[in-house]
Every structure is written in C-alpha cells, then in structure tokens.
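Please read the structure below before turning to the comments.
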Number of protein chains: 2
Amino acid sequence: MNFSEHKNIFLQIRDWMVDQILTGKLLPGDKIPSVRELAADIEVNRNTVMRSYALMEEEGILENKRGIGFFVSLDAKSTLLNIQRKEFFTETLPPILHQIQVLRLDSTDLKSLLAVIHFNDNKHEEEQ
Amino acid sequence: MNFSEHKNIFLQIRDWMVDQILTGKLLPGDKIPSVRELAADIEVNRNTVMRSYALMEEEGILENKRGIGFFVSLDAKSTLLNIQRKEFFTETLPPILHQIQVLRLDSTDLKSLLAVIHFNDNKHEEEQ
DNA sequence: GTTAGTGTCATAATACACTATGACACTAAT
DNA sequence: ATTAGTGTCATAGTGTATTATGACACTAAC
C-alpha cells in the first residue's frame, strides 16, 4: 500500500478496505486479513491496524468474532454507499466545485471527468 | 478561519491565502497581514503562520522585504495557476474520478458540478 | 490439554505539528 | 536616538499518531 504523508495511516487503511468492498473485491461475509497479518503485509504496527478495524466495526461495515477474526458485515455494501455518498456530497464535492471555478477548468480540461459521469448515465439506463 | 482536523494548519493557511490571490481578493503587490497580526486574528501561533509564509515564499508567490513585511509577488497569479492546475490533475482529480465510478454517481447526482463546468465553457467563449 | 491462530489491552518510546515565549536584527516614523 | 512595527531564530512544553513489545482471553484443530 502507498501511504500519503498527509493523511493518518489508520484512515488510509480504512479507505483502502472500503474500496475493496465497494468494488466487489471483498464480499459480504468474507474474512479479512487478521490484524497481525495485515500489519506485517503493509509494514505497519498492529495497533494501527487495530485502530482501523475498530473504526470500521463502529461504522457497521465489519463484524468481529472473538478468537476468529474480522468479517465484512452482510449489509456492508449498502451501509457504505450511504456513508460514502453522504461524505462525498458534504465534504469532497464542495471544495472541488470551488477549485474548478477558481482554476477556470472547462469541458476540454475535464473530459475524463465527463466521460465517467456519462458512462454511469448509460449504466443506469441499462439497468431499467 | 475554520480549520479542518485532518490537514496541517500551516497548509490550510496557505490554501486560504492562495484562494484569496486566485479570486482577486488579494492583488499582486499587496501587503499581506504581518506574521504577528494574522496569528492573533486566527488564534494561532506566530511560528505556524511563519512556517506558512516561508512555504509560500519558497513557492514564489510571496516576497519578503526585511523589516517591512510580506507582499504578494507580481507574478503570483500565473505561478499559482500553474501550481494549482498541476496539483489538481495529478493529485485531486484521479481519486475523484474513482469515487464517482465506485459510487455510481450520474448526471443527476452531479448537476451542480456540470453547471460549473459549463459556466466556465461560456466564460471562455465570451473571452474570444 | 496443548498448540497456533485470533483479538485486546497496557506500557513506553519516537516523531512531528503546534504552542508559548524570549531575544535579536532590520525598517520607518517621530 | 527612541519607538513601534516588521521578520527570524532558539528553546522548551504539549498533544497525538505511530511504533515496539509483552501479556492475556478466546477459538479451532490436533
């Protein structure tokens, strides 16, 4: 894992795990790496991983079976969609809008962004 | 100023100052608040403001006259446009694209975003 | 029951951002 | 020259994320 200097490690671990769940690489009910195992893998302290897992348990996206390990909770995906969407609209998007305005970025600059949005539009049409 | 928990204060001070310059609230050549004055205003230590000013001086957006104070450098705006645009495309945008993809956000969800982009499109047309 | 694998808790050490404060050099105004 | 306002540097203290380690309770497998 590549850690950014500017964000706490235990939060970056959560972000990474959340992404694994939302992209379907981790499925509801799956056992996730043990605290010690993940800590060794990404070369971080046990306590740091523990803090991350405890946070996700509090958020209801992980469940803990004593003596066995942590598992992705059954409703993790819908719970996460709610949490992440809310955070996106209240925390992430506003400063981005402001940046785009200040930097005067137009359709040409942001064609990759527009492409992703319209790709999602089509996906939703297909699902109907 | 409202400080976020998750980002260093001296960086947030820079962000705020950068925004003042890019939005034209601070003009090239303007004297900015003294280290002590700003520190008192936003209730932060002198050294923290100093660190922020020193960073911006290094970036070439502030200039220092000994015994007098800090001033917005004459080419601050174009320098900043380069720095901030580059950072936006390399650091900010990629994770946003990924989030939009994962959260399946479409044109309806992001109509405010599209509005800002198209507003900039029109601005550019008018300038020709 | 022994062993190996889980999570959990407690303690101490390190690193760094931020604070608090004092002292000094420079500049402008009187 | 004195004063007040600048930036600058040094020192020490605080809070917190992270590390390093050890010890303990629980579970599964043998």
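What you see is a predicted model, and the numbers here were worked out from it, not measured in a lab. Every chain is numbered from 1, with letters handed out A, B, ... down the list of sequences.
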| query | Under 4.0 Å between a side-chain N/O of A/Thr48 and OP1 or OP2 of D/dT19, yes or no? | reply | yes
| task | Calculate the interatomic distance between B/Tyr53 atom OH and C/dC18 atom P; express it in whole Å. | result | 15 Å
| field | Shortest non-hydrogen contact from B/Asn120 toward A/Gln101 | value | ND2-CA, 4.2 Å
| field | Within residues 3-13 of chain B, residues whose heavy atoms come under 4.0 Å of DNA chain D | value | none
| task | Please indicate whether A/His124 has more than 12 foreign heavy atoms, meaning atoms of other residues, nucleotides or ligands, lying under 6.0 Å from its NE2. | result | yes
| field | Residue pairs passing the salt bridge (charged side-chain N to carboxylate O under 4.0 Å, His left out) test where at least one lies in residues 35-47 of chain B, sequence neighbours excluded | value | none
| Where B/Val44 and B/Ile9 come nearest, the two heavy atoms and their spacing | CG2-CG2, 4.1 Å
| Between C/dC18 (P) and B/Leu38 (CG): distance, integer Å | 14 Å
Protein-nucleic acid N or O pairs under 3.5 Å, nucleotides 22-24 of chain D:
residue	atom	partner	partner atom	Å
D/dG22	N7	A/Arg46	NH2	3.4
D/dG22	O6	A/Arg46	NH2	2.2

| request: Scan residues 80-103 of chain B for pairs that pass salt bridge (charged side-chain N to carboxylate O under 4.0 Å, His left out), counting only residues two or more places apart or in two chains. | output: A/Asp109-B/Arg85
| note | From CD of B/Glu43 across to C1' of C/dT19 the rounded distance in Å is 13 Å
| request: Name the closest nucleotide to the B/Val44 side chain, picking from D/dT21, C/dT19, D/dT6. | output: C/dT19
| message | Under the salt bridge (charged side-chain N to carboxylate O under 4.0 Å, His left out) definition, can you give me all pairs with a residue in residues 4-31 of chain A, not counting sequence neighbours? | response | A/Lys7-A/Asp15, A/Arg14-A/Glu59
| request: Quick one, give me the B/S/- string for nucleotides 25-30 of chain C, reading 5' to 3', where B means a protein heavy atom under 4.0 Å from the base and S means that only happens at the primed atoms, P, OP1 or OP2. | output: -BSS--
| Which residues within residues 25-33 of chain A lie with some heavy atom under 4.0 Å of an atom in DNA chain C? | none
| field | Interatomic distance, B/Asn45 CG vs D/dG13 C1' [rounded to whole Å] | value | 12 Å
| In whole Å, what is the span from the CZ atom of A/Arg51 to the P atom of D/dT16? | 10 Å
| request: Could you pull out all residues at least two apart from A/Ser112 that satisfy side chain to side chain contact (heavy atoms under 4.5 Å, CB included)? | output: B/Leu93, B/Leu97
| Where is the tightest heavy-atom contact between A/Leu74 and A/Pro28, given as atom of each residue plus distance? | O-CB, 3.5 Å
| message | By the ring pair (Phe, Tyr, Trp, His ring centres under 6.0 Å) test, which pairs, at least two apart or in different chains, include something from residues 53-105 of chain A? | response | A/Tyr53-A/Phe70
| task | If you link ILVMFWY side chains whenever their heavy atoms are less than 4.5 Å apart, which other residues fall into the same cluster as B/Leu11? By chain and number, please. | result | B/Phe10, B/Leu55
| request: Taking all non-hydrogen atoms of both residues into account, name the closest pair between B/Gly60 and B/Ser73 and its distance. | output: O-OG, 2.8 Å
| note | Sorted by chain and residue number, the side chain to side chain donor-acceptor pair (under 3.5 Å) partners of B/Thr108 (sequence neighbours excluded) come out as none
| Residue pairs, two or more places apart or on separate chains, that pass salt bridge (charged side-chain N to carboxylate O under 4.0 Å, His left out) and touch residues 66-80 of chain A | none
